[in-house]
Amino acid sequence: MSEITIKESVVVDAAEKGMDEFVGVFVAAIKGQIGELNGETMAMLNADQMTLLAWDILHEEVMDGGFVQLLHNGYGPFFFNNPFGKMMRNWGLDDVARLLNKARKLFGKYQGELLKDATDDEFMQLYEKMPEFDDLDDCFVENEEQWTGMVACFIDEHIDRFAKVVS
């Protein structure tokens with residue numbers, strides 16, 4: 001396991017700016033330590049650090065282009081073949097786990113189309129072909145602030161699982 005260290009002043013400053021910045025400090029520190037996320041670098045992380053990076057991917061992809069984008073970009077197996085949903089429950093984010101279960105079912109239904117290479121126009125047509133994802137996207141966007149707050153609280157309450165905070 002890699003030891004992730006963050007200066008206390010950076011953590012305090014980020015906390016004062018808000019939950020997004022607070023979570024972002026830990027995400028950036030972990031990414032800075034491992035570089036590109038892949039099978040080899042995943043082994044450098046503990047379960048909570050890996051879950052935080054997965055949350056960041058989920059958050060960024062869904063807020064940018066919804067579940068269709070997340071799944072088209074190849075993240076279906078990453079989320080559905082790993083214990084991310086279980087970890088979300090462990091962190092108290094049961095609603096995120098339920099949302100992922102719904103996405104998993106839709107992924108199974110549309111997997112062939114979602115994983116095909118597509119031009120930009122073909123990709124945009126996926127949204128029209130798969131309107132069932134709209135409700136999932138709406139749910140995520142509507143709850144994003146609350147869920148990010150819950151992630152921030154979990155980090156704060158278990159800070160040593162994510163990084164060593166130093167003076």
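These numbers come from the heavy atoms of this one structure, side chains and all, not from hydrogens, waters or symmetry mates.
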Does Y127 have any ring pair (Phe, Tyr, Trp, His ring centres under 6.0 Å) partners at least two apart in sequence or in another chain, and if so, which?
F123
Rounded to the nearest 0.5 angstrom, the CD1-CD distance for I4 and Q33 is 4.5 Å
Do L70 and I57 have side-chain heavy atoms sitting under 4.5 Å apart?
yes
In one Ile/Leu/Val/Met/Phe/Trp/Tyr side-chain cluster, 4.5 Å: M63, V68:
yes
So which heavy atom on A103 is nearest to which on F133, and how close?
O-CE2, 4.4 Å
Going by heavy atoms in the side chains, are D48 and M87 under 4.5 Å from each other?
yes
Under the side-chain hydrogen bond (donor to acceptor under 3.5 Å, both in side chains) definition, can you give me all pairs with a residue in residues 66-76, not counting sequence neighbours?
E61-Q69, E61-N73, D64-Q69
From CA spacing to verdict: salt bridge (Lys or Arg N to Asp or Glu O under 4.0 Å), E122, K116:
CA-CA 10 Å; E122 291 168 336; K116 278 197 275 187; over 6 Å; no
For E113, which residues count as a salt bridge (charged side-chain N to carboxylate O under 4.0 Å, His left out) partner, sequence neighbours excluded?
K129
Of all residues at least two apart in sequence or in a different chain, which pass the salt bridge (charged side-chain N to carboxylate O under 4.0 Å, His left out) check with R98?
D95
What residue pairs, at least two apart or across chains, pass salt bridge (charged side-chain N to carboxylate O under 4.0 Å, His left out) with a residue in residues 26-37?
K31-D56
CG on D160 to CD1 on I155, rounded to 0.5 Å
12.5 Å
What residues, two or more places apart in sequence or in another chain, satisfy ring pair (Phe, Tyr, Trp, His ring centres under 6.0 Å) together with F22?
F26
How about D117: does its CG atom have over 12 heavy atoms from other parts shown lying under 6.0 Å from it?
no
Are the side chains of L53 and I34 in contact, using a 4.5 Å heavy-atom criterion?
yes
L114 with F140, same ILVMFWY side-chain cluster at under 4.5 Å
yes
Who pairs with N101 by side chain to side chain donor-acceptor pair (under 3.5 Å), at least two apart in sequence or on another chain?
R104
Do you know the tightest heavy-atom contact between A97 and G85?
CB-O, 3.5 Å
Are any non-hydrogen side-chain atoms of V23 and L52 less than 4.5 angstrom apart?
yes
Heavy-atom distance under 4.5 Å between the side chains of Y110 and L71, does that happen here?
no
Can you pull the side-chain hydrogen bond (donor to acceptor under 3.5 Å, both in side chains) pairs that have at least one residue in residues 145-155, sequence neighbours excluded?
E144-T148
Checking E16 now: which residues fulfil side chain to side chain contact (heavy atoms under 4.5 Å, CB included) with it, not counting sequence neighbours?
V12, D13
Residues that W91 engages under ring pair (Phe, Tyr, Trp, His ring centres under 6.0 Å), provided they are two or more places apart
F154, F162
Quick one: closest heavy-atom pair of G92 and M150, and the distance?
O-CE, 3.0 Å
Nearest heavy-atom neighbours spanning A14 and V25
CB-CG2, 3.2 Å
Report the residues that fulfil ring pair (Phe, Tyr, Trp, His ring centres under 6.0 Å) with F84, sequence neighbours left out, ordered by chain and then residue number.
F79
Derivation and outcome, side chain to side chain contact (heavy atoms under 4.5 Å, CB included), residues E132 and K109
CA-CA 11 Å; E132 299 98 324; K109 180 178 178 180; 2.8 Å; yes
Would you indicate whether the side-chain heavy atoms of L100 and F67 approach each other to under 4.5 Å?
yes
Which is it for I6 and V166 under the side chain to side chain contact (heavy atoms under 4.5 Å, CB included) test, yes or no, and what are the steps along the way?
CA-CA 6 Å; I6 306 173; V166 297; over 6 Å; no
Are T41 and N38 close enough that a side-chain donor and a side-chain acceptor fall under 3.5 Å?
yes
Mind running side chain to side chain contact (heavy atoms under 4.5 Å, CB included) on L58 and V96 for me, showing each step along the way?
CA-CA 10 Å; L58 176 71; V96 173; 4.2 Å; yes
Do you reckon V141 sits in the same ILVMFWY cluster as V151, going by side-chain contacts under 4.5 Å, direct or chained?
yes
Contacts of Q125 that satisfy side chain to side chain contact (heavy atoms under 4.5 Å, CB included) - sequence neighbours left out:
none
Apply side chain to side chain contact (heavy atoms under 4.5 Å, CB included) to the pair D135 and K102, showing each step before the final yes or no.
CA-CA 10 Å; D135 290 340; K102 291 176 184 178; over 6 Å; no
